[in-house]
Novice: 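The structure follows.
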Amino acid sequence: MSLGDHLYYLEGIRYDHLFVLYFSIKAFIGSLIAFIAFILLHRIPLKITKIIAKLVLAIAILLLSAIPSVISGFYFISMFSATILTYLLYFPIISWYISTFAPKKKLKVDDDTLKKAPRVSYQTIIKNNSTKILPILILSLVFPIILPRLLQDMCVEYYNNTSGSFMFEEDSFVSTRFTRSLYLDEVCPPGPPCHVYATLPQDASTSVFINVHTNIKVREISLLYDTNANYQNSQALKQVQNVSWSQSFEEFEPIGRRTVFTFLLSDLEPETEYHYQIVYNGKVQFSGNYKTMPGKESNSPFRVVMGGDVSSAPLARQMTSMLSKYNPDAFIIGGDSAYENALHSCWICWDSFFSMFEEHNRKVNRTIPIVIALGNHDVGFNANANVKVNMERYPLFFYYLPQHLPVDRKGNLIKKVPELMQRKSYFYNLIGKTAFFSLDSKFIANYSGTQLEWIDEQSEKLRDYAKFALYHVPMYPVVLRFNDNPQWVMDLAQKTWGIAFEKHRFIGAFENHNHGYKMTKPLKGGKVNPEGVIYFGDGGWGVPTRQLKNTNKRELFEEMGSDNHVWVIDYKDNKLELYPIDVEGKRITQGFVRKL
């Protein structure tokens, strides 16, 4: 069973706590086995077994050293504390080890004589057995100092296998600051930006966020833009006035440090191509093109790609690269994007993730925006865990992905980049005549309460739009696996969100998380109904899919499978067509058509 499987047996615990527990237990069991093996080998009166016994004892000491070092590697204690704690663990072990070399003489004397026999001191034992004891003593002194540094900034990632990481279980990889330094160069060196990508505010026809990652020393940058037509005529651009947000990541290790800037381009013209330039250090560092989406009144065609559970594994790269043939206007992702588990030490996962889409952008010569809903591997714990987000190390998901404008007390949109603590885990985006509601599957917000009230309120305001929901954990999973989807959670979601979707006549809901392929029949109240909502899913963009065993209520599904896939949504001539495609770009089925 892989580490990923273990996650689903423990609820109410952050993944970083779980990783500490998991690695510590493995290290403790390994050291215990090694100590037992040492004792058994040491009793065998052969020279070779004595040598092997010492090696086994060194392994035992190394594994025991790893426990405080792992705790330090996930930031729960300092490296100095890990070193001191290790020495405290070593003291009784080393004392026991030294005492095993005490000379034992067979004395044929009475009890009084034996009691008067002089005791052999530790100094005498060490002096008489220096060649036997000294190597272990040296290792005992060195391990506690070196190991916390070797295990500093531990990263546990799934599927990605980024540079400097090593597989320790199926689809599970671990790296540290040390291993990454051996394999990686500085990700954001001086010069051009290391990443430029777009995210969407509420109205995708008139505004966009342009996000820029630069070298850590860059403190001020400008973004110039205008329509392509004006730029071709005058070669002049106007400057964005409302930068309003930047964040430097000094806490990253030197090769990962960067400054992140976000620009808001607002009051744009719908369906218009824009040229933009990023300027700092006295010169243009990056040039790009962006096209705004159609507005509500437009009947122009558009295409978006929808999927979830991405990663940056080879399969994910193959899928994302293939999508350039479809030339979508937006990527919409239902959570579990970079698989960094909300660990800041896994910053490289986001770099690999963004690089896939930037490669796609270079192929099509424009910046395609990304919309991402929240998943468990984005926030760092399971749904329904009732765990508070670690405010000291807020998930990079929120730092990197502004996806809505802030709202004032009267519900009016404020034209500025939201501050970090203003960024919500649920929001909507308008593309043409469609509204996509990205929701929080009970990670930070509950199904009921404020989020449900927001769904009702915004759905009423957007009643003339064709509405879709996008979220991570499914109500109607095609695969039931461990306690991924407890029945009470599915019931709760269906009695809150499900009723809201039916009330506001959502066309469909895109579900993810379970790594399968499905399209349900129209459902209302959990039963087949021609006026119900269709549920698509279940996430399989770039990760291994799962076999269809323990499938829940097969009679509710129109289609199901284990194909890696994404959904294409085409709008043309007042008609929406949704269909799944595989990693080669071939249609899996005919999909679904709805006239608006």
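Note that this is a predicted model, so its numbers are computed, not measured.
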Novice: Run the side chain to side chain donor-acceptor pair (under 3.5 Å) test on Ser207 and Lys415 for me, step by step, so that the C-alpha distance in whole Å, both residues' side-chain angles and the decisive distance to 0.1 Å come before the verdict.
Specialist: CA-CA 9 Å; Ser207 54; Lys415 292 181 181 179; over 6 Å; no

Novice: Aromatic rings His472 and Phe443: how do their planes relate, parallel, tilted or perpendicular, breaks at 30° and 60°?
Specialist: tilted

Novice: Closer than 3.5 angstrom, by distance alone: can the side chain of Ser324 be matched with the main-chain N or O of Ser321 as a donor-acceptor pair?
Specialist: yes

Novice: Are Ser352 and Glu340 close enough that some pair of their side-chain heavy atoms sits under 4.5 Å apart?
Specialist: no

Novice: As a quick check of understanding, evaluate side chain to side chain donor-acceptor pair (under 3.5 Å) for Asn211 and His195, giving each step before the final call.
Specialist: CA-CA 8 Å; Asn211 306 278; His195 298 297; over 6 Å; no

Novice: State whether the number of non-hydrogen atoms from other residues, nucleotides or ligands found under 6.0 Å of Lys424 atom NZ is greater than 12.
Specialist: no

Novice: So, do Trp541 and Asp309 sit near enough that their side-chain heavy atoms are less than 4.5 Å apart?
Specialist: no

Novice: Grab the two heavy atoms, one from Ala373 and one from Asp378, that are nearest each other, plus how far apart they are.
Specialist: O-OD2, 3.8 Å

Novice: Could you pull out the closest heavy-atom pair between Ile507 and Ala466, with the gap in Å?
Specialist: CD1-CB, 3.6 Å

Novice: Could you label the plane-to-plane angle of the Phe19 and Tyr15 rings as parallel, tilted or perpendicular, counting under 30° as parallel and over 60° as perpendicular?
Specialist: tilted

Novice: Looking at CG of Asp16 and SG of Cys346, how far apart are the two atoms once the value is rounded to the nearest 0.5 Å?
Specialist: 10.5 Å

Novice: Would you check, one step at a time, whether the test ring-ring contact (aromatic ring centres under 6.0 Å, His included) holds for Tyr426 with His404?
Specialist: CA-CA 9 Å; Tyr426 53 91; His404 61 84; 8.6 Å; no

Novice: Hey, could you give me the CZ/CG distance between Phe209 and Leu401, rounded to the nearest 0.5 Å?
Specialist: 11.0 Å

Novice: Check each of Asn161, Thr320, Asn160 against Ser312 using the side-chain hydrogen bond (donor to acceptor under 3.5 Å, both in side chains) test, and report the only one that passes.
Specialist: Asn160

Novice: Could you check if a side-chain atom of Leu523 sits within less than 4.5 angstrom of a side-chain atom of Val528, using non-hydrogen atoms only?
Specialist: yes

Novice: Please check: side-chain N/O of Thr545 versus main-chain N/O of Ser562, any donor-acceptor pairing under 3.5 Å?
Specialist: yes

Novice: So, is the end of the Arg258 side chain (NZ or CZ) under 6.0 Å from the ring centre of Trp350 and within 45° of the ring's axis?
Specialist: no

Novice: Has Lys433 got a side-chain atom pairing as donor or acceptor with Tyr465's backbone, closer than 3.5 angstrom?
Specialist: no

Novice: State the CD1-CZ distance between Ile370 and Phe353, to the nearest 0.5 angstrom.
Specialist: 5.5 Å

Novice: Are there more than 12 heavy atoms of other residues, nucleotides or ligands under 6.0 Å from atom NZ of Lys527?
Specialist: no

Novice: Working to the nearest 0.5 Å, report the span between CZ of Phe354 and SG of Cys194.
Specialist: 10.0 Å

Novice: Would you check if Val533 and Glu502 make a side-chain contact, meaning some heavy-atom pair closer than 4.5 Å?
Specialist: yes

Novice: From Glu269 CD over to Glu271 CD, what is the distance, rounded to the nearest 0.5 angstrom?
Specialist: 10.5 Å

Novice: Tyr274 vs Tyr290, test: ring-ring contact (aromatic ring centres under 6.0 Å, His included). Steps then yes/no.
Specialist: CA-CA 5 Å; Tyr274 284 83; Tyr290 181 79; 7.8 Å; no

Novice: Under 4.5 Å between any side-chain heavy atoms of Asp267 and Thr206, yes or no?
Specialist: no

Novice: Mind running side chain to side chain contact (heavy atoms under 4.5 Å, CB included) on Asp329 and Ile431 for me, showing each step along the way?
Specialist: CA-CA 10 Å; Asp329 296 299; Ile431 301 177; over 6 Å; no

Novice: For a side chain to side chain contact (heavy atoms under 4.5 Å, CB included) check, start with the C-alpha distance between Phe263 and Phe261, then their side-chain angles and the critical distance, and finish with the verdict.
Specialist: CA-CA 7 Å; Phe263 297 85; Phe261 299 88; 4.2 Å; yes

Novice: Any side-chain heavy-atom pair from Arg303 and Val568 closer than 4.5 angstrom?
Specialist: yes

Novice: Hey, which of Leu237, Leu268, Thr272 is the one that makes side-chain contact (heavy atoms from CB on, under 4.5 Å) with Thr227?
Specialist: Thr272

Novice: Can you tell if the side chain of His377 reaches within under 4.5 Å of the side chain of Asn341, non-hydrogen atoms only?
Specialist: yes

Novice: What's the verdict on side chain to side chain donor-acceptor pair (under 3.5 Å) for Ser355 and Arg317, showing C-alpha distance, side-chain angles and the deciding distance?
Specialist: CA-CA 9 Å; Ser355 70; Arg317 292 186 174 277; 3.0 Å; yes

Novice: If you apply the rule ring-ring contact (aromatic ring centres under 6.0 Å, His included), what do you find for Phe536 with Phe468, and how did you get there?
Specialist: CA-CA 10 Å; Phe536 305 88; Phe468 292 92; 7.1 Å; no

Novice: Go through it in stages, so that I can follow the logic: the residues are Glu358 and Arg362, the test is salt bridge (charged side-chain N to carboxylate O under 4.0 Å, His left out), and I'd like the CA-CA distance, side-chain angles, deciding distance and then a yes or no.
Specialist: CA-CA 6 Å; Glu358 289 166 328; Arg362 287 190 288 271; 5.3 Å; no

Novice: Where is the tightest heavy-atom contact between Gly334 and Leu470, given as atom of each residue plus distance?
Specialist: CA-CD1, 3.5 Å

Novice: Say whether, by atom type as modelled, one donor and one acceptor occur between the side chain of Asp171 and the main chain of Tyr159 under 3.5 angstrom.
Specialist: no

Novice: Are more than 12 heavy atoms from other residues, nucleotides or ligands located less than 6.0 Å from atom NZ of Lys495?
Specialist: no

Novice: Taking side-chain hydrogen bond (donor to acceptor under 3.5 Å, both in side chains) as the cut-off, I'd like each qualifying pair that reaches into residues 583-596, sequence neighbours left out, listed once.
Specialist: Tyr517-Thr589, Glu559-Thr589, Glu577-Arg587, Glu584-Lys586

Novice: Run the side chain to side chain contact (heavy atoms under 4.5 Å, CB included) check on Phe397 and Gln403 step by step: do they pass?
Specialist: CA-CA 10 Å; Phe397 177 96; Gln403 302 191 84; 3.8 Å; yes

Novice: Which residue pairs pass the side-chain hydrogen bond (donor to acceptor under 3.5 Å, both in side chains) test when at least one of the two sits in residues 445-456, sequence neighbours left out?
Specialist: Asp456-His504

Novice: Under 3.5 Å, is there a donor-acceptor pair between the Glu157 and Thr162 side chains?
Specialist: yes

Novice: Does the plane of the ring in Tyr339 sit parallel, tilted or perpendicular to the ring in His515? Use 30° and 60° as the thresholds.
Specialist: perpendicular

Novice: Step by step, work out the salt bridge (charged side-chain N to carboxylate O under 4.0 Å, His left out) result for Glu460 and Arg463.
Specialist: CA-CA 5 Å; Glu460 282 296 323; Arg463 64 174 64 189; 2.4 Å; yes

Novice: Would you say Asn429's side chain and Leu200's backbone share a donor-acceptor pair under 3.5 angstrom?
Specialist: yes

Novice: Less than 4.5 Å apart, any side-chain heavy atom of Val566 and any of Phe331?
Specialist: no

Novice: Once you round to the nearest 0.5 Å, how far does CZ of Phe381 lie from CD1 of Ile444?
Specialist: 5.5 Å

Novice: Can you tell me which residue among Leu265, Leu264, Thr367 is in a side-chain contact (heavy atoms from CB on, under 4.5 Å) with Val208?
Specialist: Leu265

Novice: Would Tyr471 and Glu511 satisfy side chain to side chain donor-acceptor pair (under 3.5 Å), going step by step from the backbone distance to the final call?
Specialist: CA-CA 6 Å; Tyr471 49 90; Glu511 305 184 322; 2.6 Å; yes

